[in-house]
K.L.:
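Starting off with a structure, shown below.
Just so you know, these numbers use all the heavy atoms, side chains as well, and skip hydrogens, waters and symmetry mates. Just so you know, residue 1 is the first one in the sequence shown, and it goes up from there.
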Amino acid sequence: MASNENKILTKKDINKLAFNSVFLQAGFNYERMQSCGFLAAQLPALKKIYKDDKEGLSAAMTDNLEFINTHPNLVGFLMGLLISMEESHEDRGIIKGLKVALFAPLAGIGDAIFWFTLLPIVAGICSSMAMEGSALGPIIFFLVYLAIFIMRWFWTHLGYNLGVKAVAKITDLSEVLAKAATVLGCTVIGGLIASYVSINVQTEIVVNEAKTVALQADFFDMIFPNILSIGYVFLMYYFLKKKKVSPVVLILATFVLSIVLSFFGIL
């Protein structure tokens, strides 16, 4: 593990990272979701780490511009963890693998805790208080939301400190962890395909007066659930990587194809 004397980042830098995490949604787009804000938040720390290494900075920036969609209130934990890995100059495969493996679970945990539990309950109670004429209602809701915001500093420092403590173990097991992170990352991406890409064929084939076959339920889903979704993702990957087609062109083509097929009742 790197000693304190060899550390580049200070508590002030991690505090700045925590504050910058509020820009996660900046530059949000449907190609790479939160990647622009994710990179912008980490950029000051990355520039300090790779002060005299332009190639290293370029590689780190490129990796952090890849697709990510996680929870804004918990993203500081992931940023802190990854920055600690960058500071220790860990293998890029491990850093990318951890990012891909963690951002989706953090999103699920954050949504369950904040959007679906804590805030709806607090909003319901505070709204009831406000409707009864109590000024405490909006004040309490504001204080709860402020507390959630301030927790960004805690999550960011927690992720950074955990990462620093884990560096020695990661270094010793770098090859194993790189493979494990890659496998876990592929597993997460596979799960995301089923969640983000939905293709449902509405076409039905009439066999006789009493029998019809729904292509989606009775054919595609019986062979392999979500087979069309994963097939379409691999088709886009082929055009993106092999044919070097612009992602914007692929997105527009997907929109046009969806509208045309829906118009004719196929999807």
Side-chain angles (χ1 to χ4, degrees), residues 24-25 27-39 58-71 75 78 82 91-111 174-205 213-267:
L24 178 68
Q25 306 282 28
F28 186 93
N29 61 86
Y30 288 103
E31 179 187 345
R32 303 186 183 187
M33 297 289 184
Q34 301 164 333
S35 62
C36 294
F38 191 76
L39 171 60
S58 177
M61 291 176 67
T62 300
D63 288 347
N64 282 299
L65 276 176
E66 293 183 355
F67 176 91
I68 183 172
N69 188 27
T70 192
H71 199 280
V75 71
L78 181 58
L82 296 181
D91 181 81
R92 297 233 58 84
I94 297 177
I95 297 174
K96 291 174 64 176
L98 285 174
K99 174 188 171 184
V100 173
L102 291 178
F103 80 74
L106 283 176
I109 293 170
D111 287 346
S174 59
E175 185 175 348
V176 175
L177 285 174
K179 291 182 179 179
T182 300
V183 172
L184 184 57
C186 290
T187 303
V188 172
I189 292 298
L192 289 176
I193 291 174
S195 301
Y196 282 90
V197 184
S198 177
I199 299 179
N200 187 21
V201 178
Q202 302 294 328
T203 304
E204 295 184 349
I205 299 176
V213 176
L215 284 181
Q216 185 68 47
D218 299 329
F219 184 70
F220 292 119
D221 288 346
M222 295 295 290
I223 298 174
F224 194 123
N226 294 310
I227 189 172
L228 295 179
S229 299
I230 193 171
Y232 192 76
V233 168
F234 278 113
L235 179 63
M236 294 296 101
Y237 180 81
Y238 170 78
F239 283 121
L240 185 64
K241 293 296 183 181
K242 301 296 183 180
K243 298 298 184 180
K244 305 299 181 182
V245 179
S246 169
V248 176
V249 173
L250 294 178
I251 292 173
L252 291 175
T254 300
F255 272 114
V256 172
L257 191 61
S258 300
I259 294 171
V260 171
L261 292 178
S262 296
F263 177 80
F264 287 104
I266 298 175
L267 295 182

K.L.:
To the nearest 0.5 Å, what is the distance between CG (D111) and OG1 (T70)?
P.N.:
8.5 Å
K.L.:
Tell me, please, which residues at least two apart from S198 pass side-chain contact (heavy atoms from CB on, under 4.5 Å).
P.N.:
none
K.L.:
Looking only at non-hydrogen atoms, find the nearest pair between L98 and L78 and report the distance.
P.N.:
O-CD1, 4.4 Å
K.L.:
Of all heavy-atom pairs between N69 and Q34, which one has the smallest distance, and what is that distance?
P.N.:
CA-OE1, 3.3 Å
K.L.:
Residues in side-chain contact (heavy atoms from CB on, under 4.5 Å) with F263, at least two apart?
P.N.:
none
K.L.:
Can you name the closest pair of heavy atoms from C36 and N29 and give their distance?
P.N.:
SG-ND2, 4.0 Å
K.L.:
Can you name the side-chain hydrogen bond (donor to acceptor under 3.5 Å, both in side chains) partners of T254, sequence neighbours left out?
P.N.:
Y232
K.L.:
Atom CG in L39, atom CG in D63: separation rounded to 0.5 Å?
P.N.:
10.5 Å
K.L.:
Would you please test F67 and F103 for side chain to side chain contact (heavy atoms under 4.5 Å, CB included) and show each step?
P.N.:
CA-CA 10 Å; F67 176 91; F103 80 74; 3.9 Å; yes
K.L.:
For Q216, what residues pass the side-chain contact (heavy atoms from CB on, under 4.5 Å) criterion, not counting sequence neighbours?
P.N.:
N200, V201, F220, D221, L228
K.L.:
Let me see the working for I109 and H71 under side chain to side chain contact (heavy atoms under 4.5 Å, CB included), right down to the final yes or no.
P.N.:
CA-CA 8 Å; I109 293 170; H71 199 280; over 6 Å; no
K.L.:
Taking CZ in F255 as the centre, count heavy atoms belonging to other residues, nucleotides or ligands within less than 6.0 Å. Is the count above 12?
P.N.:
no
K.L.:
Hey, is R32 close enough to E66 for a salt bridge, meaning N to O under 4.0 Å?
P.N.:
no
K.L.:
Quick one: OG on S35 to CG on N64, what's the gap to the nearest 0.5 Å?
P.N.:
9.5 Å
K.L.:
What side-chain donor-acceptor pairs closer than 3.5 Å can you find for residues 234-250, not counting sequence neighbours?
P.N.:
| unit_1 | atom_1 | unit_2 | atom_2 | d |
| --- | --- | --- | --- | --- |
| K244 | NZ | K241 | O | 3.3 |
| S246 | OG | V248 | N | 3.3 |

K.L.:
Taking side-chain hydrogen bond (donor to acceptor under 3.5 Å, both in side chains) as the definition, give me every residue that meets it alongside N226, ordered by chain and number, with sequence neighbours left out.
P.N.:
none
